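For clarity, every value in this text was computed on a predicted model and none was experimentally measured.
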Amino acid sequence: MANPIRQKEIDERIGKFADSFWGAFQMTENGKVKSTLLLYSFCLSWVLLAVYGGCFALFNPWLDGALQGLPVGLITVIEALVPAAAGTAVGFLAWLLPGDKRLLPASYIWLTLLMLACLIALMIMMGWGSAGLILQFFGMFVLAPLALGLGASLLAYYQYWKKRPAAGEPERPWKRQ
C-alpha cells in the first residue's frame, strides 16, 4: 500500500514543476511574453519540421530514380542524408538572424522532444510488433535530420560562445586575438 503523505508530496512537486514550466509561456502584467526564447524556438521548430518535410518530398523521388541498381543499404543512407543535409542548410539561415544565437539549438531541442513524443505515440498505437518498421522509418526520416541539425547548431553555438567577449571586457573589434 502506497504512503498517501508521500504521494501528496510527489504530486505537489509535479504540480509546482508544471506551473513553473507553463508559466514561461504566459504573459507578464504589461503583456509581454516571459520567455521569448522558449516561444520563438518552439515556433521555429515547426518551421524546421516543414523544411525537412519539404526537402524529403523534393529530393527522395529524384534520388530514388537516380540511385536504382545500387545496394539497398546505400540507397537508404543516401536518401536519408541528402535531404537532411539540404534541410539543415536551409534551417541554418535562421543562424543569420540578428538576436539570440541560442534560438537555433533550442529549436532543434524542441524538435527532438516533439519527435520523441511522436515515436512513443506511434509505438503505443501500432504496437510493439511493428517496432522494427517504426524504428526504420524514424532512423531514415528523423534521426538523420536531428543528428545533423542538432549537432551542427550546437557546434555553431559553441564556436560563437567561445569567441564572445568576456563579461567585464568591452568589445574591441580592432583587437584580434
Rounded to the nearest 0.5 Å, how far apart are [atom1] of [X] and [atom2] of [Y]?
X: Ser130; Y: Met125; atom1: OG; atom2: CE; value: 10.0 Å
X: Met115; Y: Leu122; atom1: CE; atom2: CG; value: 10.0 Å
X: Glu79; Y: Leu67; atom1: CD; atom2: CG; value: 6.0 Å
X: Thr112; Y: Leu119; atom1: OG1; atom2: CG; value: 12.0 Å
X: Leu103; Y: Leu44; atom1: CG; atom2: CG; value: 5.0 Å
X: Leu104; Y: Leu97; atom1: CG; atom2: CG; value: 9.0 Å

Do [X] and [Y] have side-chain heavy atoms sitting under 4.5 Å apart?
X: Trp95; Y: Tyr160; answer: yes
X: Ser107; Y: Tyr40; answer: no
X: Leu58; Y: Pro83; answer: no
X: Phe138; Y: Ile134; answer: yes
X: Leu114; Y: Leu49; answer: no
X: Met140; Y: Leu135; answer: no
X: Leu48; Y: Tyr108; answer: yes

Can you see which heavy atom on [X] is nearest to which on [Y], and at what distance?
X: Phe56; Y: Ala80; result: CZ-O, 3.8 Å
X: Gly139; Y: Leu143; result: O-CB, 3.5 Å
X: Tyr157; Y: Pro105; result: CB-CG, 3.8 Å
X: Leu111; Y: Ser45; result: CD1-O, 3.5 Å
X: Leu148; Y: Leu81; result: CD1-O, 4.3 Å
X: Ala156; Y: Phe92; result: CB-CE2, 3.8 Å

Please answer: with hydrophobic residues joined when any side-chain heavy atoms are less than 4.5 Å apart, are [X] and [Y] in the same cluster?
X: Leu63; Y: Val90; result: no
X: Ile120; Y: Phe137; result: no
X: Leu133; Y: Ile75; result: no

>> Would you call the rings of Trp46 and Phe42 parallel, tilted or perpendicular, taking 30° and 60° as the class edges?
In response: perpendicular
> Which class fits the ring pair Phe59 and Trp62: parallel under 30°, tilted 30 to 60°, perpendicular over 60°?
Replying inline: perpendicular
> Is the count of non-hydrogen atoms from other residues, nucleotides or ligands lying under 6.0 Å from Gln136 atom CD greater than 12?
Replying inline: no
> Can the positive tip of Lys101 be found less than 6.0 Å from the middle of the six-membered ring of Trp161, inside 45° of the ring normal?
Replying inline: no
